[in-house]
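Chain identifiers are assigned alphabetically (A, B, ...) following the order of the sequence lines, protein sequences preceding nucleic acid strands; residue numbering begins at 1 within each chain.
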2 protein chains.
Amino acid sequence: MELNDRKKLILQAIIDEYIVSAEPVGSRAISKKNELGLSSATIRNEMADLEEMGYLIQPHTSAGRIPSDVGYRFYVNSLMHRYKIGVEAIEELQRELAGRITRLDRAILRAGYLAAAMTDYTTVITTPVGEKTEIKKIDLVPVAEDSVMLIIVTRTVKSRVIKTTLTGDECISVAQVLNAVLTNKTADEISYDVIQEIENICCGKLGIEPKVIINVLNFVYESISELDDGEIYVENAKSILKYPEYRDVDKAREIFSFLEDKNNLKKLIAQTDNDGVRATIGTENEPEILKDCSLVTVNYSLDGKAVGKLGVIGPKRMNYSQVFASLDLISNEIDKLIGYISNDE
Amino acid sequence: MELNDRKKLILQAIIDEYIVSAEPVGSRAISKKNELGLSSATIRNEMADLEEMGYLIQPHTSAGRIPSDVGYRFYVNSLMHRYKIGVEAIEELQRELAGRITRLDRAILRAGYLAAAMTDYTTVITTPVGEKTEIKKIDLVPVAEDSVMLIIVTRTVKSRVIKTTLTGDECISVAQVLNAVLTNKTADEISYDVIQEIENICCGKLGIEPKVIINVLNFVYESISELDDGEIYVENAKSILKYPEYRDVDKAREIFSFLEDKNNLKKLIAQTDNDGVRATIGTENEPEILKDCSLVTVNYSLDGKAVGKLGVIGPKRMNYSQVFASLDLISNEIDKLIGYISNDE
DNA sequence: TATTAGCACTCAACTCTTTTGAGTGCTAAT
DNA sequence: ATTAGCACTCAAAAGAGTTGAGTGCTAATA
């Protein structure tokens, strides 16, 4: 059987309708829209065909049809009309996103929030992770009798407190050595050998006790290794409760648990290695728990390099065209951000 | 009518029972426990009295009784038995909380998480906010052609990127002046006058263009003013869905919305200015939305000074004794943390 | 005088049955 | 090829009946 134009139009109409109503769509409803000028009986025949071809499902004999995963997939690939985001909405987004930003991870968080606000689905966003995090400066600041704060400036700032007997003057000397050796290197260029080289200098020329410096340098190495670890944020999880498919509290709770497990979530979103906006629909999602959901993701870049992911999780009958348009827009806007800012708390 | 010992025992038994069952408690259930050796008829008479006195409520004629807010209040103040947390659980907590901590806000986050894990209610925790944040060091690091990262080291590290035409050498000089004037001052000691004094030095001795330095110093002042702003984290919000009082998805959604509004939440938790663990029960809570919930809060301190809040939000029939004990324990453990660490990302 | 056994009464919640209506598939007419 | 017409299906809503936990009151009892 062939999927001719009329069938496509009917399928499109059914999915469009189902996306807003969340109720099985009957032949009469499609017929009454009158865009095709066909009677319900004709629609009925076509719907039976579409079901046979796997695009539609009938929950029970006397019900209307709902789209199958295959139906959604076809819709997303070929049927869905392009959603055009209004100029004012775009300007609003730009204002919200770029206005008074001084910290990159805050901006990213805000982007996630805005994606959630625009789509009203749950949003997931990762902070930038670049293989090329270049070290700009390292500092050791005594903060108490026996502890020193290690500060590593890259595109962002990371810090941690180290317990050590290093004196104030020693901190300054060690910091000088660290800067001399490490500045302008990327995190992956710094092997443990490099750190040992620093150890030798410190023990030799500076005459610092090996035990003391080894301890400190271990933390330095560890911190540098962790530089590229990203965070993941979930926004608007509550929207899940808004959709009738999650009226069942237990089902909703399962999803909440899933969203709370950040590691799992990172893994999920990392594996969608996409170019442009992509959707995985229902059973296309690996986690069992998402088999009734769709996930739409996009990479965002900074400086032209893909460094993070933005994703939307919602019911399979989500408003794909709007979500696609929103993610596309927001990822582009994030890319523009790097001009203004780059930072971290 | 007098609230004699027997009435107290009965009230206690009813509330204890209701806390676990979430179902109206009948006279027979209490009688059968047989701790008092009274028949259901006698219990019934006492229950009628307790209702008249305002401690109990009968949802409808043929139902058992549930505690009123007044009943809970009396229970919390006078009836509740002290919950004793096991030694292993305490050790477990200490291990989890103090192990490998290098960042203070992470530790706080973990404390919130652990409170949620111990109680299985939703937990709210604020990051430390001290009026006495002492500036340890300030740095200006060029990160791009036209931007400089401002780093302020206190007990934690804050940073932001500033667009400026300041050169690398100028950064060093300005940083020197900033350190000379601001080091060891607390945030509230630094008025705008102090900043202007720095401006004069920079323009005068260093000969930097006023326009350029004013821009930078504005950011410095702003950042210092923001030093004491705290964050608030919500953990285990999903647990709300676990309790029958929130079986109604719409009700749950309202609470989720409330928990998402961080500013409101900060305000709520800030106003409970308490010493030790405190509960506000049902209508004692100001926000309309919490009138069916209880909020239990405790201040935690670092260095002996109260700097943050930890709170638990749950149904009115929450396990108060366990929550009280957990919050008490955790707030004490947080106080001990300051020995090991102090940090920020 | 305090307690309790006994009994009629109440009412939410459950079960079972009936009704409703949206929707289908098939057939015969156009 | 399309459509009007009709019998059929079945989930969901509405209604009717049943159950049972729980009460309040009264009269008997310790």
Atom pairs and distances, side-chain donor-acceptor, residues 318-325 of chain A, under 3.5 Å, sequence neighbours left out:
residue, atom, partner, partner atom, Å
A:N319, OD1, A:S321, OG, 3.3
A:N319, OD1, A:Q322, N, 3.2
A:Y320, OH, A:S294, OG, 2.6
A:Y320, OH, A:K316, O, 2.5
A:Q322, NE2, A:M118, O, 2.8

Verdict with reasoning, B:I10 to B:R6, per side-chain contact (heavy atoms from CB on, under 4.5 Å): CA-CA 6 Å; B:I10 292 172; B:R6 193 170 76 178; 4.2 Å; yes
Check against salt bridge (charged side-chain N to carboxylate O under 4.0 Å, His left out), B:D69 and B:K291: CA-CA 10 Å; B:D69 287 4; B:K291 71 181 199 309; over 6 Å; no
Working for side-chain hydrogen bond (donor to acceptor under 3.5 Å, both in side chains), residues B:N236 and B:T122: CA-CA 5 Å; B:N236 201 25; B:T122 303; 5.7 Å; no
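A:I43 has its CD1 atom 17 Å from the P atom of D:dA1, to the nearest Å. One atom, CD of A:E51, and another, P of C:dG23, lie 15 Å apart when rounded to the nearest Å. Between B:L38 atom CG and C:dA2 atom P the separation is 14 Å, expressed in whole Å. Look at CG on B:L50: it is 12 Å from P on D:dT23, rounded to the nearest Å. Between A:L36 atom CG and D:dA1 atom C1' the separation is 15 Å, expressed in whole Å.
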Pairwise N/O distances under 3.5 Å, protein to nucleotides 27-29 of chain D:
none

Show me the protein contacts with nucleotides 5-8 of chain C, counting only N or O atoms at under 3.5 Å.
residue, atom, partner, partner atom, Å
C:dG6, O6, B:R44, NH2, 3.3

Using a cut-off of under 3.5 Å, enumerate the N/O to N/O pairs linking the protein to nucleotides 11-13 of chain C.
residue, atom, partner, partner atom, Å
C:dC11, OP1, B:T61, OG1, 3.2
C:dC11, O4', B:S62, OG, 3.0
C:dC11, O2, B:S62, OG, 3.4

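Within the model, atoms CG of B:L36 and CD of B:E46 stand 9.5 Å from one another, a figure rounded to the nearest 0.5 Å.
Between B:R44 and B:S27, the side chains place a donor N or O and an acceptor N or O closer than 3.5 Å (distance only, hydrogens not considered).
For the side-chain contact (heavy atoms from CB on, under 4.5 Å) test, residues two or more places apart in sequence or in another chain that qualify with A:S78 are A:F74. In terms of the side-chain contact (heavy atoms from CB on, under 4.5 Å) criterion, A:A270 has no residue partners (sequence neighbours excluded). In this structure B:D120 satisfies the salt bridge (charged side-chain N to carboxylate O under 4.0 Å, His left out) test together with B:K242, sequence neighbours excluded. Not counting sequence neighbours, the partners of A:P59 by the side-chain contact (heavy atoms from CB on, under 4.5 Å) test are A:P24, A:A63, A:I66.
Residues B:Y72 and B:R317 meet the side-chain proximity criterion, which asks for heavy atoms closer than 4.5 Å. In this structure, B:K8 and B:L11 have side chains that are not in contact, with every pair of non-hydrogen atoms separated by 4.5 Å or more. Looking only at side-chain heavy atoms (C-beta outward), A:L259 and A:I240 come within less than 4.5 Å of each other.
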Dot-bracket pairing map - DNA chain C, Watson-Crick plus G-U, both contacts under 3.5 Å, | cross-strand: ||||||||||||||||||||||||||||||
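In this structure, B:V25 and B:M47 approach most closely via the heavy-atom pair O-CE, 3.3 Å. Contact detail for B:I255 and B:C293: the closest heavy-atom pair is CD1-SG, 3.6 Å.
Residues of residues 3-17 of chain B having a heavy atom closer than 4.0 Å to DNA chain C, listed by number: B:R6. Residues from residues 241-252 of chain A that place a heavy atom under 4.0 Å from any atom of DNA chain C: there are none.
Note on residues 260-269 of chain A: pairs passing salt bridge (charged side-chain N to carboxylate O under 4.0 Å, His left out), not counting sequence neighbours, are A:E260-B:K238.
The aromatic rings of B:Y121 and B:Y243 sit parallel to each other, their planes meeting at less than 30°, with 60° as the upper class boundary.
Between A:Y246 and A:F256, the distance separating the two ring centers is not shorter than 6.0 angstrom.
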